[in-house]
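Here the structure is a predicted model, which is why all the values come from computation and not from measurement.
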Amino acid sequence: MRAAPTILHLDMDAFFAAAEQASKPSLRGKPVVVGGLGPRGVVATASYEARRLGVHSAMPMGQARRLAPHAAYLVPRFAFYRAISGQVMGLLARLSPLVEPLSLDEAFVDLEAGGLADDSAGARAVGERLRAEILATTGLTGSVGLAGSKMLAKIASEEAKPDGLVLFEPGTERALLAPRSVRIIPGVGPATGDHLRRAGITTVADVVEAGEDELVRILGRSHGASLYRMALGHDGRPVVAERDAKSVSVEDTFDIDLHDRLRIRLEVERLAERCVERLRRSGHSGRTIVLKVRRYDFSTLTRSETLRGPTDDPLVVREAAERLLELVDTTGGVRLLGVGVSGLADYTQEDLFAQAEAEAGAEAGAGGHEGGGQAGADEGVVPSVAADAPPTATGTASRRWAPGNDVRHAVLGAGWVQGSGLGRVTVRFEEPGSTAPGRVRTFSVDDPELEPADPLPLVPGGVTGTEPAAPVVRTGE
């Protein structure tokens with residue numbers, strides 16, 4: 001534990017929903033829900049107005065609509081959020097060389113390593129200055145927690161929400177933690193929490209009272225000993241600037257179960273292409289290909305194949321995913337498919353490409369077998385655009401009018417899609433700097449004067465969301 005609260009935890013407030021409210025004046029102060037809008041979609045983020053109605057992240061979208069029927073429901077604009085996140089992370093990098101991002105909207109910062117603070121007063125000044133800089137740069141608010149450990153800094157930022165700063169003085173850890181739920185300790189999820197509750201342990205004080213030996217008996221040596229140390233406020237985890245990527249993956253949930261085997265195979269091919277795009281953007285290659293299939297009855301199967309060396313070749317990944325698909329019974333229907341690559345490396349075994357081509361040639365020369373028709377099939381694969389990339393003014397992709405996406409009319413200017421259906425699209429024309437809600441107009445979906453557009457910056461001179469999207473990389477804790 002540190003003698004000064006020099007570990008900072010930043011958590012942007014309702015990040016996705018706040019970005020949408022900032023860019024759409026008519027939604028400010030109103031419930032906004034961002035997520036998948038299909039029958040099987042889930043909530044990614046809800047604004048504080050929607051949270052007061054019971055909506056929360058990871059909730060099925062159908063349940064959210066029942067709780068908040070009058071909220072605005074929007075598709076995520078991940079490229080836009082990533083661009084804003086890049087600005088925030090840039091501000092954090094100016095504070096210290098040790099910045100540990102946890103997600104687009106959350107990170108730890110070691111202020112001691114940056115030489116900016118060595119006591120409570122200095123740490124608080126840095127935290128307040130950071131909040132002001134984030135607001136000026138992005139137009140959004142973030143909450144800051146300061147403490148002598150990562151665990152307490154994260155707890156402090158949660159208490160600071162929304163738009164606040166909380167500092168926990170070192171030496172007060174035991175008193176701060178004692179009355180809180182055991183679930184507040186890192187590593188205590190729902191299953192562990194229920195296990196402890198059945199043993200009569202519900203608060204952090206109960207953990208300390210039970211003692212290390214009892215916790216080891218209940219949870220095992222590693223987990224029990226770690227939980228006891230955390231309950232005493234002993235968290236020596238450092239802020240780690242570089243976190244090793246563990247895997248890169250993509251998945252899609254389908255509104256209607258897929259039954260046709262050819263359609264399922266084509267979806268797997270498409271997901272493999274997207275996965276490789278993200279793998280290459282992250283600068284990695286990988287040895288293990290993973291296929292995930294969730295069937296009609298919600299049972300989830302995963303199959304994997306480990307190659308002789310790391311690759312980022314789309315042909316190799318696609319063929320491996322197809323082989324794995326042959327091992328899965330899809331009778332009855334498929335509701336979700338995913339393709340991932342793990343065992344990542346920052347290099348590629350170059351001769352693996354030649355190996356794949358040589359094997360394909362050998363199979364053709366031998367008269368072929370189950371994989372012999374792949375070359376022909378490859379010609380029919382259409383490279384896909386990442387699912388989270390919104391249509392842009394320069395794109396030639398389909399004109400999809402998803403709620404929340406940006407558009408521009410040749411006469412009326414910039415706006416965003418409120419809804420579409422039956423061959424019509426309704427647009428509200430307003431910009432982030434508008435002082436009042438904009439007017440609403442309805443057009444034919446193929447109106448030549450209406451085009452998808454790039455997001456407008458939230459503040460003058462800010463980012464527009466047109467920067468290349470960062471890869472979706474799963475990281476280890």
Take E267 and R263 through the test salt bridge (charged side-chain N to carboxylate O under 4.0 Å, His left out) and record every step on the way to the result. CA-CA 6 Å; E267 291 294 340; R263 169 71 189 283; 2.9 Å; yes

Could you check whether any side-chain N or O of R183 sits under 3.5 Å from a backbone N or O of G193, counting only pairs where one atom can act as donor and the other as acceptor? no

If you apply the rule salt bridge (charged side-chain N to carboxylate O under 4.0 Å, His left out), what do you find for R2 with D110, and how did you get there? CA-CA 11 Å; R2 298 187 178 187; D110 187 335; 2.7 Å; yes

Are [X] and [Y] close enough that some pair of their side-chain heavy atoms sits under 4.5 Å apart?
X	Y	answer
D163	Y48	no
L116	S96	no
T45	M12	no

Which atom names give the shortest non-hydrogen contact between R131 and G142, and what distance separates them? NE-O, 3.5 Å

To the closest 0.5 Å, what do you measure between [atom1] ([X]) and [atom2] ([Y])?
X	Y	atom1	atom2	result
E319	L307	CD	CG	10.5 Å
L104	I84	CG	CD1	10.0 Å
L337	R265	CG	CZ	13.5 Å
E269	L325	CD	CG	9.5 Å
L177	D235	CG	CG	10.0 Å
L102	D11	CG	CG	9.0 Å

Just checking R180: does its CZ atom have more than 12 heavy atoms from other residues, nucleotides or ligands closer to it than 6.0 angstrom? yes

Do the ring planes of F16 and Y81 sit parallel (below 30°), tilted (30 to 60°) or perpendicular (above 60°)? parallel

Residues two or more places apart in sequence or in another chain: which of them pass salt bridge (Lys or Arg N to Asp or Glu O under 4.0 Å) with R323? E305

Quick one: list whatever passes salt bridge (Lys or Arg N to Asp or Glu O under 4.0 Å) with R124, sequence neighbours left out. none

I would like to know whether R318 and E273 meet salt bridge (charged side-chain N to carboxylate O under 4.0 Å, His left out); could you show each step before the answer? CA-CA 7 Å; R318 188 169 66 242; E273 295 279 352; 2.5 Å; yes

